[in-house]
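What follows is one structure encoded as structure tokens, with my remarks underneath.
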Amino acid sequence: MGKSVPQDLGQLDIRKSVVGLAMGAGAIYLLYKAIKTGIKYQPPLCSTSPICIARLAIERERHGRDSGELRRLLNSLECKQDEYTRSMILHSITRCVYLLEAEASACTTDDIMLVGSMLDDKDNSVRIQALNTLKAFSGIRKFRLKIQEHSIKVLELISTIWDSELHIASLRLLNNLPLPDFAHPQLRRVMPALMEILQSNYILAQVQAIRLLSSLAQKNDLLYDILNCQVHSNFLNLFQATQPGSLLFEVLLFAERLSEGRNTSHYRAVKWHYNEKSLHEALFGDESRLADRLLALVIHPEEEVQIQACKVIVSLQCPQDMQVRPSFCQASHSYFDRE
């Protein structure tokens, strides 16, 4: 009996190994089945969910059918909803406008007014989503005039609410629209806020703000308001080579447009007076160090920044209405010879 114990133990070990292998194989097989089933399984679509509605609409659009889901979303926006639901509906409407061109084009100006009314919502996320939806609709030409009617409200949001995401959404919308003349008085009031956004540390908001300012700099009746706007003492830090290339390019383009604008015969016909802390003094005043910053950017690693820096240098050395007559651009009068 004693001699058979090791043999029995050996057989027991073999059995345990076989059982272990079987259990391991079984576990692997069950895991495989679970994964396979999970891949095949598609959760049921919830017809009341704005996200699901948008997904369904996109799928139908791919098959060339009018889903009617954009209309359903707009109708649901008219119903009383909580803030989160309103925000999600607007987000889904935005997606549908971008992806369902035929259905978006079939919308009406009443739909634009409905979305625009959400700019008065007390919830900031709802306002941001409404701005994004208006931006999506602004890509359809027939709605632009109606969306322009909300520009005053959008400018008011920029100047009264300090929120980067709201600023980005507002400025993206404004940059996608030709701003009407009736908005100019409000633009003058918003100018300090735009300049503050430009001098913030949030790149996306800065880029959008300076794009709008560059556009406004080409308006004769707004140029002085921009140049006389107060800026921080370190404003020229925006021209440092360490800034992102995308921001640098926009800042340089802005400087070029300001330089060209102030050098036109129309603008020079008036003797303007500037605040000592104004943008004009920071860029073009006797104590400005802009020339040093520009010369450093001529060797910037990004070519478009180099080119734009050179354009600013040319505009500073030679007034726009004299550029066809090089003899007027004497080195003795160069902006870059000042000490």
Side-chain angles (χ1 to χ4, degrees), residues 164 167-168 171-172 174-176 191 193-219 222-223 226-264 267 274 277-324 326 328-339:
S164 295
H167 289 161
I168 292 168
L171 291 165
R172 279 179 173 161
L174 294 177
N175 283 327
N176 208 47
M191 212 71 76
L194 293 176
M195 210 60 73
E196 283 298 321
I197 295 170
L198 173 57
Q199 296 169 97
S200 68
N201 292 318
Y202 200 63
I203 299 298
L204 294 177
Q206 287 176 285
V207 168
Q208 293 300 322
I210 203 160
R211 283 178 181 169
L212 180 58
L213 286 166
S214 287
S215 175
L216 299 179
Q218 297 175 295
K219 308 283 186 182
L222 294 175
L223 180 58
I226 296 173
L227 285 169
N228 198 41
C229 199
Q230 186 169 321
V231 297
H232 300 169
S233 59
N234 63 347
F235 182 83
L236 289 184
N237 285 353
L238 289 170
F239 292 83
Q240 286 182 334
T242 53
Q243 296 283 6
S246 59
L247 178 60
L248 266 177
F249 174 80
E250 297 292 346
V251 169
L252 289 165
L253 179 62
F254 180 46
E256 181 192 13
R257 289 179 175 174
L258 290 174
S259 179
E260 289 177 347
R262 67 188 279 270
N263 283 328
T264 59
Y267 192 80
Y274 301 100
K277 294 183 179 179
S278 68
L279 175 62
H280 179 275
E281 294 304 294
L283 294 178
F284 312 117
D286 292 336
E287 303 298 322
S288 175
R289 306 305 301 173
L290 177 61
D292 297 334
R293 300 296 170 88
L294 292 173
L295 291 172
L297 293 177
V298 170
I299 57 172
H300 192 273
E302 295 186 35
E303 185 179 5
E304 69 171 6
V305 173
Q306 293 178 18
I307 294 171
Q308 194 56 48
C310 290
K311 287 182 178 180
V312 179
I313 291 171
V314 170
S315 71
L316 290 171
Q317 287 186 306
C318 189
Q320 187 180 38
D321 59 349
M322 295 182 182
Q323 286 178 8
V324 293
F328 282 90
C329 303
Q330 299 296 328
S332 59
H333 300 292
S334 173
Y335 178 88
F336 290 83
D337 288 341
R338 296 183 317 192
E339 303 215 352

**Report entry** Spacing of Q206 atom CD and L171 atom CG [to the nearest 0.5 Å]
**Finding:** 11.5 Å

Requested in this report: Quick one: do L294 and L316 satisfy side chain to side chain contact (heavy atoms under 4.5 Å, CB included)? Show the steps, please.
Outcome: CA-CA 11 Å; L294 292 173; L316 290 171; 3.5 Å; yes

Under 3.5 Å, side chain of [X] to main-chain N/O of [Y], donor-acceptor pair present?
{"X": "S288", "Y": "G285", "result": "no"}
{"X": "Q199", "Y": "M195", "result": "yes"}
{"X": "S278", "Y": "C229", "result": "no"}
{"X": "S259", "Y": "A255", "result": "no"}

Do any side-chain atoms of residues 241-250 form donor-acceptor pairs under 3.5 angstrom with protein atoms, and if so which ones, sequence neighbours left out?
from, atom 1, to, atom 2, distance (Å)
Q243, NE2, N237, O, 3.1
E250, OE2, R211, NE, 3.0

Query raised in the report: Step by step, would you call I210 with I197 a side chain to side chain contact (heavy atoms under 4.5 Å, CB included)?
Result: CA-CA 9 Å; I210 203 160; I197 295 170; over 6 Å; no

Query raised in the report: Considering only heavy atoms from C-beta outward, does the side chain of I168 approach that of R172 to under 4.5 Å?
Result: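 Yes - at least one pair of side-chain heavy atoms lies under 4.5 Å apart.
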
Query raised in the report: Among all residues two or more places apart in sequence or in another chain, which pass the ring pair (Phe, Tyr, Trp, His ring centres under 6.0 Å) test with Y202?
Result: none

Report task. Let me see the working for F254 and I226 under side chain to side chain contact (heavy atoms under 4.5 Å, CB included), right down to the final yes or no. Result -> CA-CA 11 Å; F254 180 46; I226 296 173; 3.8 Å; yes

Looking only at heavy atoms, what is the nearest atom pair of [X] and [Y], with distance?
{"X": "L258", "Y": "L223", "result": "CD2-CD1, 3.7 Å"}
{"X": "V298", "Y": "I313", "result": "CG2-CD1, 3.7 Å"}
{"X": "N228", "Y": "Y274", "result": "OD1-CA, 3.2 Å"}

Query - Sequence neighbours excluded - salt bridge (Lys or Arg N to Asp or Glu O under 4.0 Å) pairs with any residue from residues 237-246 - result: none

**Report entry** side-chain contact (heavy atoms from CB on, under 4.5 Å) partners for Q218, two or more places apart
**Finding:** R257

Report task. Report the residues that fulfil side-chain hydrogen bond (donor to acceptor under 3.5 Å, both in side chains) with E281, sequence neighbours left out, ordered by chain and then residue number. Result ->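 With neighbours one apart ignored, the set is empty.
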
Requested in this report: Kindly indicate, with the supporting measurements, whether the criterion side chain to side chain contact (heavy atoms under 4.5 Å, CB included) is fulfilled by F284 and L279.
Outcome: CA-CA 8 Å; F284 312 117; L279 175 62; over 6 Å; no

Query raised in the report: Taking everything shown except N234 itself, do over 12 heavy atoms lie less than 6.0 Å from its CG?
Result: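 Counting other residues, nucleotides and ligands, CG of N234 exceeds 12 neighbours.
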
Query raised in the report: Do any pairs count as a side-chain hydrogen bond (donor to acceptor under 3.5 Å, both in side chains) and have a residue in residues 293-311, sequence neighbours left out, and if so which ones?
Result: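 Every pair satisfying side-chain hydrogen bond (donor to acceptor under 3.5 Å, both in side chains) with a residue in residues 293-311: E256-Q308.
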
